[in-house]
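Structure first, then comments.
Below, chains carry the letters A, B, ... as their sequence lines are ordered, and counting in each starts from 1. Only heavy atoms go into these numbers, but all of them, side chains included; no hydrogens, no water, no symmetry mates.
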2 protein chains.
Amino acid sequence: MATTTERPLRRDAERNRQRILETAGALFAERGLGVSLDEIARHAGVGVGTVYRRFPDKEQLIDALFEDRLAEILATANASLEMSDPWDALAHFIERSMELQVADRALKELLLSTTTAHARIEQGRRQIQPVVVAVLDRARRAGVVREDFDLSDLLLLQHAIGEAAEYTHEVAPEVWRRILCITMDGLRPDRRRPSPMPVPPLDEEQVDCTMREWGRRRRR
Amino acid sequence: MATTTERPLRRDAERNRQRILETAGALFAERGLGVSLDEIARHAGVGVGTVYRRFPDKEQLIDALFEDRLAEILATANASLEMSDPWDALAHFIERSMELQVADRALKELLLSTTTAHARIEQGRRQIQPVVVAVLDRARRAGVVREDFDLSDLLLLQHAIGEAAEYTHEVAPEVWRRILCITMDGLRPDRRRPSPMPVPPLDEEQVDCTMREWGRRRRR
DNA sequence: TCCAAGTGGAGAAGGTCGCTCCGCTTCTGT
DNA sequence: ACAGAAGCGGAGCGACCTTCTCCACTTGGA
């Protein structure tokens, strides 16, 4: 970007910048965009001042981090579009983008909300949409997905399943795949038998633990 | 309860108590348990002091409010159990309890989390569970629901759909029923064609608006 | 060697929350 | 009609966030 025109950072400064980016990426992924810059600084082993010198505010740090993550989703969508089977293409895209969202809470927050603040991310999302539309349309035209399934429903489903994933994240990080499985079965226009569930359900203790954890998190 | 033993409140005090309960109920329903007692006081047109005199702390106010709401869900479950068709029973219970959760955000938070704090609510939930198990078991034995569907999946589904409902609440308060419809179709062991969607999808403007709103709410 | 570049973290400014306290008002029984 | 008990409002306290600034000090590298 513009870094080529400016004189390079001092060696230690550049190293710190990198550590901040890495740490911020990890913390955002785990806990969402709500993480404070102070906390990022602490985890990166630098002072807050250092963070603020490198990234004038939180928005710019976020922008710097997530541009390529969106590109990854775009690539996934494009890859799906090239798969031969229209249903496999749709299913692959949904599953893969859910995986990305589950692995990175901040990414999910950026994908499902709109802000004037993050212009570049906004633009990234706008590149993704038409490809998704294409994947969905192809499946619909091929008659492999229910006709009344709308693009907006996909958005809601992503949100819903993503939220379920977050709910059980500490206890059974893969159990959201069951919900996805049920949902995908619901998207088929007709079918003889349910798809096999990819993972076992929660046992009683896991349910308890999930609910307790969520209660704890809610009250901050 | 114990009110009979204590001398009754002064007329104005009792009226205030009632206003506080009503206002708190409405605010909790709309915005969840996070609402501060100061805000409840302001909306009820009383001072914070008055709230704290009547309800020693937030927990007790919540307990007082939600006992009978849980009883309502228990009644729904029992009513479902008495329906003749096992699938209708399950579908009715899920739909009805989703409706209650969508109409009252705080109720949802209480149903899906566990706290040592609200003992009476905890107990209410424990009464509901066996009835739900019965409804689900009956459906499974009758072969009208996929065999691998577990009670814990129902919990996740409730969470997921409830969250989707919240996401679109301001813009299209009924659109969650589409997600529920897809999901319910996914629960059937086999089927010829999808159930008809109960409401139209979001249009583009509604999608925009939903995402913007959610972004706004996230950053408080 | 030396000084510009870089650093850390205290703390300012501004926000939230739950909860207390006490001078004042309003009810109610006599 | 009036005393005194009951109830009231809301300023304000303490604890806790957050973002962001500032400046005495340290360090890299020409």
Side-chain angles (χ1 to χ4, degrees), chain A residues 3 5-24 27-28 31-65 106 109 115-118 215-220, chain B residues 3 5-24 27-28 31-65 106 109 115-118 215-220:
Chain A
T3 43
T5 66
E6 291 141 11
R7 46 140 70 213
L9 293 173
R10 225 168 67 176
R11 195 90 126 274
D12 55 341
E14 180 57 37
R15 194 181 50 225
N16 277 337
R17 204 189 102 99
Q18 223 51 44
R19 286 169 67 127
I20 291 167
L21 278 173
E22 276 163 35
T23 312
L27 284 178
F28 282 149
R31 312 226 303 267
L33 295 173
V35 192
S36 74
L37 291 201
D38 283 57
E39 192 149 14
I40 291 168
R42 202 174 340 118
H43 275 75
V46 303
V48 245
T50 305
V51 177
Y52 280 96
R53 199 167 326 99
R54 238 26 96 200
F55 305 95
D57 59 22
K58 212 175 165 178
E59 245 88 48
Q60 301 210 28
L61 172 57
I62 291 173
D63 265 32
L65 264 172
E109 289 173 13
T115 330
T116 47
H118 309 281
R216 240 181 28 69
R217 256 179 295 160
R218 292 227 114 246
R219 73 197 86 268
R220 189 103 349 189
Chain B
T3 43
T5 67
E6 290 142 14
R7 48 139 69 214
L9 291 173
R10 229 168 66 176
R11 196 90 124 274
D12 55 341
E14 180 56 38
R15 196 181 48 226
N16 276 338
R17 203 189 102 100
Q18 223 52 44
R19 286 170 67 129
I20 290 168
L21 279 172
E22 276 164 36
T23 312
L27 284 178
F28 282 149
R31 312 225 304 267
L33 295 174
V35 192
S36 73
L37 290 203
D38 286 56
E39 192 151 13
I40 290 168
R42 200 171 344 115
H43 275 76
V46 303
V48 245
T50 305
V51 177
Y52 279 97
R53 201 168 324 98
R54 236 29 94 199
F55 305 95
D57 58 23
K58 213 175 164 179
E59 245 88 48
Q60 302 210 26
L61 172 57
I62 291 173
D63 266 31
L65 263 172
E109 290 174 11
T115 331
T116 47
H118 309 281
R216 239 179 30 71
R217 254 178 297 160
R218 293 224 114 247
R219 75 197 84 267
R220 186 103 352 185

Whole-Å distance, Asp12(A) CG to dC3(C) C1', equals 15 Å

Between atom CZ in Arg42(A) and atom P in dA10(C), what is the gap in whole Å?
12 Å

By nearest-nucleotide position on DNA chain C, the 5'-leaning member of Ser36(B) and Thr50(B) is Ser36(B)

In whole Å, what is the span from the CG atom of Leu37(A) to the P atom of dG8(C)?
15 Å

Check every atom of dT19(D), dA5(C), dG7(D) against the side chain of Arg10(A) and return the nucleotide holding the closest atom.
dA5(C)

Tell me whether the OP1 or OP2 atom of dT7(C) has a side-chain N or O from Asn16(A) closer than 4.0 Å.
yes

Between Val48(B) and Gly49(A), the residue closer to the 5' end of DNA chain D by nearest nucleotide is Val48(B)

Rounded to the Å, how far apart are Leu9(B) CG and dC8(D) C1'?
13 Å

How far apart are the C-alpha atoms of Glu59(A) and Thr115(A), what are their side-chain angles, what is the distance that settles it, and do they pass the side-chain contact (heavy atoms from CB on, under 4.5 Å) test?
CA-CA 10 Å; Glu59(A) 245 88 48; Thr115(A) 330; 5.5 Å; no

Once you round it to whole Å, what is the distance between P of dG10(D) and CD1 of Ile20(B)?
13 Å

Rounded distance in Å - CZ (Phe55(A)) to P (dT19(D))
15 Å

Does some side-chain heavy atom of Leu21(A) sit less than 4.5 Å from a side-chain heavy atom of Arg17(A)?
yes

Which whole-number value in Å describes the distance from Ile40(B) CD1 to dC17(C) C1'?
13 Å

If you look at every strand shown and take non-hydrogen atoms under 4.0 Å, does Gly34(B) touch a base, only sugar-phosphate, or nothing?
nothing

How would you label the contact of Asp38(B) with the nucleic acid (heavy atoms, under 4.0 Å): base, sugar-phosphate, or nothing?
base

How long is the gap from NE2 on His43(B) to CZ on Arg19(B), to the nearest 0.5 Å?
12.5 Å

Indicate the atoms forming the closest heavy-atom contact of Lys58(A) with Leu33(A), along with that distance.
NZ-O, 2.9 Å

Whole-Å distance between dC19(C) P and Asp57(B) CG?
5 Å

Pick base, sugar-phosphate or nothing for Arg11(B), based on heavy-atom distances below 4.0 Å to the nucleic acid.
sugar-phosphate

Among dT20(C), dG12(D), dT26(C), the nucleotide that comes nearest once only the side chain of Tyr52(B) is considered
dT20(C)

5'-most by nearest nucleotide on DNA chain C - Pro56(B) or Arg53(A)
Arg53(A)

Kindly say if Arg54(A) contacts the phosphate of dT7(C), meaning a side-chain N or O under 4.0 Å from OP1 or OP2.
yes

Rounded to the nearest 0.5 Å, what separates atom CG in Leu37(B) from atom OG1 in Thr50(B)?
12.0 Å

